[in-house]
Structures are given as C-alpha cells and as structure tokens.
Amino acid sequence: MAEIQFARGVAEPVIPDVRLTRAKDGSDGTATFYFDHPQALSQQAGVEITGMYLVDEEGELMSREVNGRFVNGEPAGIEATYIMKSEAEWDRFMRFMNRYAEQNGLGFTKS
C-alpha cells in the first residue's frame, strides 16, 4: 500500500506527474508533483488540504509546500514540492515512489 493524501486518511486517486532533481553529490533533492484536477479540490470531496502526505508501510513523508492552481477562478490542479536534505531522505523517498509506481503502473524516464 502506497498512497498520496492531502488530508490525513483521504487517498487522492488522481495520479500526479512527478519531476525529480538531485544535486550531483547526492546531498539533496527535490520532487515536484503536479495533480491535474485532483479530487481533493472538488466540492464533493469536502476535505481541508493540510499538506501532502506520502503514506506507505514504512510510515509517512510529509510536505507543507502545497499550492493550488486556478483557471478563471475554477480549481485546475495542485502543485506540491517535497524536499530531501540528505541521501537517507532521498533513499526513503525513492522506496515510497517505487511502491507507488508499481501499485499504479507508472514508469520512470530519465531526462
């Protein structure tokens, strides 16, 4: 089980586009998630977005860097950033992403 949540306990079914960057020395990295029309922004969801939670059997990774995108006043997407400040945090994030990718049939493309 690996899922992304914007409110604890409420899984987001929309699969994000994820972009990764990493320092050449491996000391830090950034993951940027973009969700196109996520369920968390729909009025039917009725949830308060409190952060982005990456939840799997190892536990939870959390980011408060979550921003809504609006077009003509209507919710269009969510962009969230997860920052890793050590090689251990990068490794933990990649274990989560491998589980999430396997569960959702995602692939990895190197630029």
Side-chain angles (χ1 to χ4, degrees):
M1 181 221 47
E3 62 187 24
I4 298 174
Q5 304 171 358
F6 291 109
R8 283 200 165 93
V10 181
E12 176 57 55
V14 173
I15 306 300
D17 178 37
V18 182
R19 304 202 184 258
L20 298 173
T21 59
R22 188 174 189 191
K24 289 185 188 274
D25 66 0
S27 61
D28 60 1
T30 302
T32 304
F33 293 77
Y34 184 76
F35 297 81
D36 189 32
H37 292 89
Q39 187 174 358
L41 288 179
S42 73
Q43 293 180 357
Q44 294 84 10
V47 298
E48 180 181 347
I49 296 173
T50 57
M52 180 178 68
Y53 307 94
L54 311 175
V55 182
D56 65 8
E57 59 262 18
E58 285 186 59
E60 176 183 281
L61 303 171
M62 193 259 303
S63 174
R64 296 269 187 225
E65 293 189 42
V66 178
N67 297 298
R69 299 279 184 222
F70 294 84
V71 176
N72 296 325
E74 296 294 317
I78 292 177
E79 185 174 292
T81 305
Y82 181 72
I83 298 172
M84 297 150 277
K85 297 183 181 191
S86 70
E87 193 166 337
E89 286 181 13
W90 175 272
D91 292 342
R92 169 65 179 100
F93 173 79
M94 290 306 294
R95 288 194 305 274
F96 168 82
M97 284 307 297
N98 286 331
R99 290 181 186 111
Y100 187 78
E102 185 176 301
Q103 182 176 310
N104 293 288
L106 302 176
F108 178 71
T109 306
K110 246 184 173 170
S111 61

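Below, each value reflects all heavy atoms present in this structure, side chains not excepted, and no hydrogens, waters or symmetry copies.
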J.: Linking I/L/V/M/F/W/Y whenever their side-chain heavy atoms sit closer than 4.5 Å, directly or via other members, would V18 and L106 fall into one cluster?
T.: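 Linked, V18 and L106 end up in one cluster.
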
J.: Does atom CZ of R19 have more than 12 heavy-atom neighbours from other groups under 6.0 Å away?
T.: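 Incorrect, the count does not exceed 12.
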
J.: Crowded around E57 CD? As in, over 12 foreign heavy atoms under 6.0 Å?
T.: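 Counting other residues, nucleotides and ligands, CD of E57 exceeds 12 neighbours.
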
J.: Any side-chain to backbone donor/acceptor pair from E3 onto E12? Under 3.5 Å, distance only.
T.: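 Side chain of E3 to backbone of E12: no pair is present.
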
J.: Is R92 salt-bridged to D56, cutoff N-O under 4.0 Å?
T.: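 Looking at R92 and D56, the cut-off is met.
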
J.: Could you tell me which non-hydrogen atom of T21 sits nearest to which non-hydrogen atom of W90, and how far apart they are?
T.: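 Smallest heavy-atom distance, with atoms named: O-CZ3, 3.6 Å.
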
J.: In Å, rounded to the nearest 0.5 Å, how long is the span from CG of L61 to CE of M97?
T.: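 Here the rounded value is 11.0 Å.
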
J.: Given side chains that start at C-beta, do those of T50 and R64 come closer than 4.5 Å, heavy atoms only?
T.: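 Counting from C-beta outward, T50 and R64 do come under 4.5 Å.
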
J.: Looking at CD of E60 and CG of L54, how far apart are the two atoms once the value is rounded to the nearest 0.5 Å?
T.: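 With rounding to 0.5 Å, CD (E60) is 8.5 Å from CG (L54).
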
J.: Roughly how far, to the nearest 0.5 Å, is the CZ atom of F35 from the CG atom of D17?
T.: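 If we round to the nearest 0.5 Å, D17:CG and F35:CZ are 10.0 Å apart.
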
J.: Please tell me whether V55 and M52 are part of a single hydrophobic cluster in this structure, the criterion being side-chain heavy atoms less than 4.5 Å apart.
T.: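 Shared cluster, no.
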
J.: State yes or no: do V71 and V14 share one hydrophobic cluster built from I, L, V, M, F, W and Y residues joined by side-chain heavy-atom distances below 4.5 Å, directly or via other members?
T.: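 Per the 4.5 Å side-chain linkage, V71 and V14 are not co-clustered.
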
J.: Taking the side chain as everything from C-beta on, heavy atoms only, tell me whether N98 gets closer than 4.5 Å to E102.
T.: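 They are not in contact (no side-chain heavy atoms under 4.5 Å apart), so the answer is no.
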
J.: If I compare all heavy atoms of P75 with all of H37, which pair ends up nearest, and what's the gap?
T.: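 Shortest heavy-atom separation between P75 and H37 comes out as O-CD2, 3.8 Å.
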
J.: A80 and V66: which non-hydrogen atoms are nearest, and at how many Å?
T.: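 Result for this residue pair: CB-CG2, 4.1 Å.
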
J.: Rounded to the nearest 0.5 Å, what separates atom OG1 in T30 from atom NZ in K85?
T.: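 The NZ atom of K85 is 9.5 Å from OG1 of T30, to the nearest 0.5 Å.
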
J.: Using 0.5 Å steps for rounding, measure from the CD1 atom of I78 to the CD1 atom of I4.
T.: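 Nearest 0.5 Å value for the CD1-CD1 distance: 10.5 Å.
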
J.: Please check this pair: side chain of Q103 against backbone of R99, looking for a donor-acceptor N/O pair closer than 3.5 Å.
T.: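 Here the side-chain-to-backbone pair does not exist.
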
J.: Is it true that a side-chain atom of D25 and a backbone atom of S27 form a donor plus acceptor pair closer than 3.5 Å?
T.: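 Yes; at least one donor-acceptor contact below 3.5 Å.
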
J.: Check whether F6 and Y53 end up in the same hydrophobic cluster, where Ile, Leu, Val, Met, Phe, Trp and Tyr are linked by side-chain heavy atoms less than 4.5 Å apart.
T.: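 Not linked; separate clusters.
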
J.: Between OG1 of T81 and CG of N67, what distance do you get to the nearest 0.5 Å?
T.: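 So the gap between those two atoms works out to 7.0 Å.
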
J.: Which atoms form the tightest heavy-atom contact between P38 and A76, and what is the distance?
T.: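 Heavy atoms of P38 and A76 come nearest at CD-O, 4.4 Å.
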
J.: Taking all non-hydrogen atoms of both residues into account, name the closest pair between P16 and Y100 and its distance.
T.: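 Looking at all heavy atoms of both residues, the closest pair is CD-OH, 3.4 Å.
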
J.: Hey, what's the ring geometry for F93 with F96, parallel, tilted or perpendicular (30° and 60° as the breaks)?
T.: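 The arrangement is tilted - the two ring planes meet at 30° to 60°.
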
J.: Identify the two heavy atoms, one from Y34 and one from G77, that lie closest to each other, and give their separation to 0.1 Å.
T.: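 So the two residues come closest at OH-CA, 3.7 Å.
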
J.: Treating Ile, Leu, Val, Met, Phe, Trp and Tyr as nodes and any side-chain heavy-atom pair under 4.5 angstrom as an edge, say whether L20 and I83 lie in one connected cluster.
T.: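 Different hydrophobic clusters.
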
